[in-house]
Amino acid sequence: MRQLDLFEGLGKNSHVPAPGLFSAATGIISNVNDMARYAVALEGSELVNEESKTLMFTPTRSLKGEDLPYGLGWFVENYLGQEIVWHYGQADSYASLFVRIPKAKLTLIVLANSGAMSDAFRLLDGNAMRSLLAPDFLKDVVLRDRSTEPPVRNRFEMDEEIDQALARIYLGEPDQALPYARMAFASGILPSPPDLTTLYLLARLRDRSLNQTTEAIGIELIQRHPRLSPALFYLAIYYQTHGEPEKAMPLFERIAEIRPPLLHWTTSSALLDLGRWYADRNPSEARKYLQRVVDSGDNSSGAVDEAKEMLRRVPKQ
């Protein structure tokens with residue numbers, strides 16, 4: 001894997017965790033050999049019967065009938081004609097990546113002493129190709145005989161450049177991320193289907209040369225998934241930072257209107273932005289949005305404290 005050297009820099013975010021931080025999501029301690037035995041067991045039906053495996057590895061569908069990248073407990077994707085079944089692990093000091101190619105009976109297993117291997121590439125958004133390692137596995141092992149074909153090579157190059165840009169953003173080096181992002185989209189080809197992590201990256205870079213690309217990815221994502229609050233939020237932030245708040249506020253309002261209300265950081269952030277926008281324009285509207293933040297009781301990012309402070313300044317009508 002040619003990308004491993006970059007993890008030396010990403011690993012600077014690792015630290016020793018406090019004891020006892022185990023839960024349903026982080027309660028298994030394993031090693032690569034045991035995970036390999038698990039991968040072999042998944043090929044048969046002794047561990048999980050065929051009916052259950054079909055449910056596990058079949059993508060769910062959105063309300064619009066679009067395939068979603070998740071089955072029953074596993075991410076499921078199709079990349080360059082290959083079915084990929086995968087999952088990641090992430091804690092403050094550890095990360096894991098488990099990528100299966102069922103037809104080829106090949107599995108990539110990576111364990112790391114840093115959460116950055118997953119966190120830097122936002123694998124929680126459900127795209128294995130946003131990992132630095134998965135594209136190399138596909139290119140060098142699974143599709144090595146086709147890796148030089150122009151359409152295949154171009155897709156690999158685009159994904160690798162996006163991933164390199166994400167790594168630099170995580171390391172706090174946006175100036176170094178920008179050339180990779182520009183190279184990724186120099187041909188005008190966009191990821192298909194568009195993915196949330198790429199929109200996150202482009203919204204963070206705020207580069208005018210990528211405006212058309214950012215907007216196109218954001219609009220298509222929202223058309224496919226109208227209630228995907230992070231997509232609404234990232235596109236709104238893009239408009240906001242480029243001086244187009246009149247386009248951003250309707251997207252924040254769409255997040256606020258999702259029912260039932262989402263207990264998600266994008267909800268409180270959108271409500272706070274709406275509170276700021278309406279503070280001078282419509283104080284009663286501003287107070288409505290800010291009070292919703294307070295009523296949520298979720299102060300994990302200081303949102304409730306900020307909303308209370310803003311409420312003290314917004315006049316009552």
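Fair warning: this is a prediction, and the values are worked out from it, not measured in the lab.
- Under 3.5 Å, the side chains of N282 and S284 contain a donor-acceptor pair of N or O atoms.
- Between the R254 side chain and the P250 main chain, no donor and acceptor come within less than 3.5 Å of each other.
- Around atom CD of E50, more than 12 heavy atoms belonging to other residues, nucleotides or ligands sit under 6.0 Å away.
- Judged by distance alone, the side chains of Q82 and N78 never bring a donor and an acceptor atom under 3.5 Å apart.
- Ionic pairing of D125 and R130 is not present here: no N-O contact between side-chain nitrogen and carboxylate oxygen is shorter than 4.0 angstrom.
- T107 contributes atom OG1, which lies 6.5 Å from atom CZ of F137 (distance to the nearest 0.5 angstrom).
- No side-chain donor-acceptor contact under 3.5 Å links S118 to the backbone of Y88.
- F233 and W265 have their aromatic ring centers within a separation under 6.0 angstrom.
- Side-chain contact between L228 and I222 is absent, with no heavy-atom pair separated by less than 4.5 Å.
- Residue-environment remark: CD (E246) exceeds the threshold of 12 foreign heavy atoms within 6.0 Å.
- The minimum heavy-atom distance between E77 and A128, with the atom names listed, is OE2-N, 2.7 Å.
- The backbone N or O of V32 sits nowhere less than 3.5 Å from a side-chain atom of R37 that would complete a donor-acceptor pair.
- Crowding of N49 atom CG: a count of heavy atoms from other residues, nucleotides or ligands under 6.0 Å exceeding 12.
- The residues R153 and E149 are annotated as not salt-bridged, no charged nitrogen and carboxylate oxygen being separated by less than 4.0 angstrom.
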Inset, instruction - List the steps and the verdict of salt bridge (Lys or Arg N to Asp or Glu O under 4.0 Å) for K139 and E157. - result: CA-CA 10 Å; K139 179 170 67 175; E157 289 175 352; over 6 Å; no
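- The existence of a salt bridge linking D305 and K308 is excluded, since no basic side-chain nitrogen approaches an acidic carboxylate oxygen closer than 4.0 Å.
- The list of salt bridge (charged side-chain N to carboxylate O under 4.0 Å, His left out) pairs with a residue in residues 94-110, not counting sequence neighbours, reads E43-R100.
- With hydrogens and angles ignored, the 3.5 Å screen pairs no side-chain donor or acceptor of S52 with any backbone N or O of V48.
- For E220, the side-chain contact (heavy atoms from CB on, under 4.5 Å) criterion is met by P194, R224, not counting sequence neighbours.
- For the pair K288 and E285, the salt-bridge criterion is met [side-chain N within less than 4.0 Å of a carboxylate O].
- Side chains of Y238 and E244: a donor-acceptor N/O pair is absent below 3.5 angstrom, by distance only.
- Counting all heavy atoms, side chain and backbone alike, S114 lies closest to A95 at O-CB, 3.1 Å.
- Listed for the R287 side chain is a donor-acceptor partner under 3.5 Å among the backbone atoms of L311.
- M158 and L205 fall within the same hydrophobic cluster, defined by Ile, Leu, Val, Met, Phe, Trp and Tyr side-chain heavy atoms under 4.5 Å apart, directly or through other members.
- Side-chain contact of D298 with S300: a donor-acceptor pair under 3.5 Å is present, judged by distance alone.
- No donor-acceptor distance shorter than 3.5 angstrom exists from the side chain of N127 to the backbone of D195, with no hydrogens or angles considered.
- A donor-acceptor pair under 3.5 Å is absent between the side-chain atoms of S269 and the main chain of T266, judged by distance alone.
- Without hydrogens or angle criteria, R122 side chain to L201 main chain gives no donor-acceptor distance under 3.5 Å.
- The heavy-atom pair separating S296 from V304 by the smallest distance is OG-CG2, 4.4 Å.
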Legend entry - Stepwise salt bridge (Lys or Arg N to Asp or Glu O under 4.0 Å) test for R276 and D273: CA-CA 5 Å; R276 295 186 194 98; D273 273 301; 3.1 Å; yes
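- Outside the 6.0 Å centre-distance limit, the rings of F98 and H87 are not counted as a close aromatic pair.
- Across Q90 and G115, no two heavy atoms sit closer than the pair CG-O, 4.0 Å.
- Using a distance-only test at 3.5 Å, with no hydrogens or angles considered, a donor-acceptor pair links the side chain of T267 to the main chain of L262.
- Salt bridge status for E160 with R155: absent, with no side-chain N to carboxylate O gap under 4.0 Å.
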